[in-house]
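Throughout, a chain's letter reflects where its sequence line sits, starting with A, and its residues are numbered from 1. For the numbers below, each heavy atom of this structure counts, side chains included, while hydrogens, waters and symmetry mates do not.
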There are 2 protein chains.
Amino acid sequence: MVTTLAIEVDRSSPIPLYFQVAQVFEKAILDGQLKPGDRFENELALAKRLNLSRPTTRRAIQELVDKGLLVRKRGVGTQVVQTPVHRPVELTSLFDDLARAGQEPTTQVLDYRLGPATDDIAQHLNLPAGSDVVTMRRLRCSSGQPLAVMTNHLPAALAPDRDELETAGLYQSMRSRGVHIRVARQRIGAKAADREEARLLDEKPKAPLLVMERTAFDDSGRIVEFGSHVYRASRYYFETTLVDR
Amino acid sequence: MVTTLAIEVDRSSPIPLYFQVAQVFEKAILDGQLKPGDRFENELALAKRLNLSRPTTRRAIQELVDKGLLVRKRGVGTQVVQTPVHRPVELTSLFDDLARAGQEPTTQVLDYRLGPATDDIAQHLNLPAGSDVVTMRRLRCSSGQPLAVMTNHLPAALAPDRDELETAGLYQSMRSRGVHIRVARQRIGAKAADREEARLLDEKPKAPLLVMERTAFDDSGRIVEFGSHVYRASRYYFETTLVDR
DNA sequence: TAGTGGTCTAGACCACTGT
DNA sequence: CAGTGGTCTAGACCACTAC
């Protein structure tokens, strides 16, 4: 049984056709209109039905395969993956994530310092030794409870003002300064809380913490930020979806 | 300055042309032949030089953008991202990862049980309550040191034999039984070691552990495995690359 | 204005799966 | 065998950036 969905695309819209189509199907899957295990319309038929070329249709479907919502099998067909998804991990900041989830994030800037980089930090940011760098340390709370301590290092020219950081996420602040983050590499591990972290996060010393170290690159491939964040294990985890291609 | 690379494609090979091209460039970047910050050849010129169509050439480049090795900017060009990568996270098992890194992984099967699923496990595997399920618990060591305790649940029909698990990874064993894992959803968090985990991993009770819970889907979208793994924080971390598209 | 990447078309041929 | 997805071509037009 193949469920056919009513789809209209707006050819005058600046939103790409493949994206419009992908969005309609994504919504249908997340809403449950297309159920787990359902056969999906085949590419050729869908292209004909939507009056789109096959490559465009194919790209729309591929978007959803990449997100882990659809699975394709050569010679067989396309099916909806079992189990609804909660939310995919994307390249957004924690602040944005929380705000979208209605958790009222707040940020307290614990430290904000401008000065020449140590050798270690300069190396992480791929800058000449002694370049001006802003180092900041923030406490992120949600729903009134401490959630994470975030330490970040940025080239001075890209760093938002201290005040800005209290009301918006770091990435949002950087975006409004024309810095567009395109790639991020992350390491996720665990550690025991030291005395300082325990105090800030309202945990006991040696409590387990989730650690994320991230290096972020802009659309010119330059490093624009390096940070180390520690999260309370009791209040946070990461979600990722891996797809074999 | 644009570095041009000698590239030859084999049109008679079953390996897709876009993949052959992508591999050559990936190797060149990882080897340092193409250096961070380098301008990359533009799509049209590259297509002409390789006698490939633009879409095929484009797809090769896009592979590397998706891996976080290249960054593109409309109207400007393509550049190599700063900082060499260590290794990307892919849909492989820990066993395969370690074996490739020459760390001589060993596996000890602590427990292997076949029986009707509890309600909780049946729900995680999206099976009818009481279906036959194999539950296993394994200790993974590398270089002679304990690394992780892995608890997995599989539909009985898909589970490898107990003996098989001692010499190969779970995914490898499943693959040889015709099960192809295509999508996996993971949650990564942290917790304190309980007494049992501490004993097995040679850590102290309450030591910080990295936790990964994973649900794996095959090429029909069915759930084929659900597992919860705990890693010693001192010996393991996850690496991911996020790309904004 | 020139050069770049982003999108889109209308086909073609092949590889794989299940009957 | 028919039906499906995977790859590939040779163009086209547009949007954005920098000069």
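- Rounding to whole angstrom units, NE2 of residue A/H180 and C1' of D/dC16 are separated by 12 Å.
- From one end of the helix from C/dT1-D/dA18 to C/dG18-D/dC1 to the other, with five pairs defining each end axis, the axis direction shifts by 20° (rounded to 10°).
- One interatomic measurement links the two molecules: CD of B/Q79 to P of C/dT4, which rounds to 13 Å at whole-angstrom precision.
- Screening residues 125-134 of chain B for side chain to side chain donor-acceptor pair (under 3.5 Å), with sequence neighbours left out, gives A/Q82-B/N126.
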List the protein contact pattern of nucleotides 4-11 of chain D with one symbol per nucleotide (5' to 3'): B for base contact, S for sugar-phosphate-only contact, - for none; contact means a heavy-atom distance under 4.0 Å.
BBBBSBB-
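- B/E43 pairs by the side-chain contact (heavy atoms from CB on, under 4.5 Å) definition with B/R54, B/R58, B/I61, B/R72, not counting sequence neighbours.
- A donor-acceptor contact shorter than 3.5 Å links the side chain of A/D218 to the backbone of A/S220.
- Judged as a side-chain contact (heavy atoms from CB on, under 4.5 Å), and not counting sequence neighbours, A/R74 has no contacts.
- Residue pairs meeting the salt bridge (Lys or Arg N to Asp or Glu O under 4.0 Å) criterion with at least one member in residues 112-131 of chain A, sequence neighbours excluded: A/D111-A/R113.
- Remark: the B/Y171 side chain and the B/E225 side chain contain an N/O donor-acceptor pair separated by less than 3.5 Å.
- Side-chain contact check for A/E26 versus A/K67: some heavy-atom pair is nearer than 4.5 Å.
- Taking NZ of B/K73 as the start and CG of A/D219 as the end, the distance is 4.0 Å to the nearest 0.5 Å.
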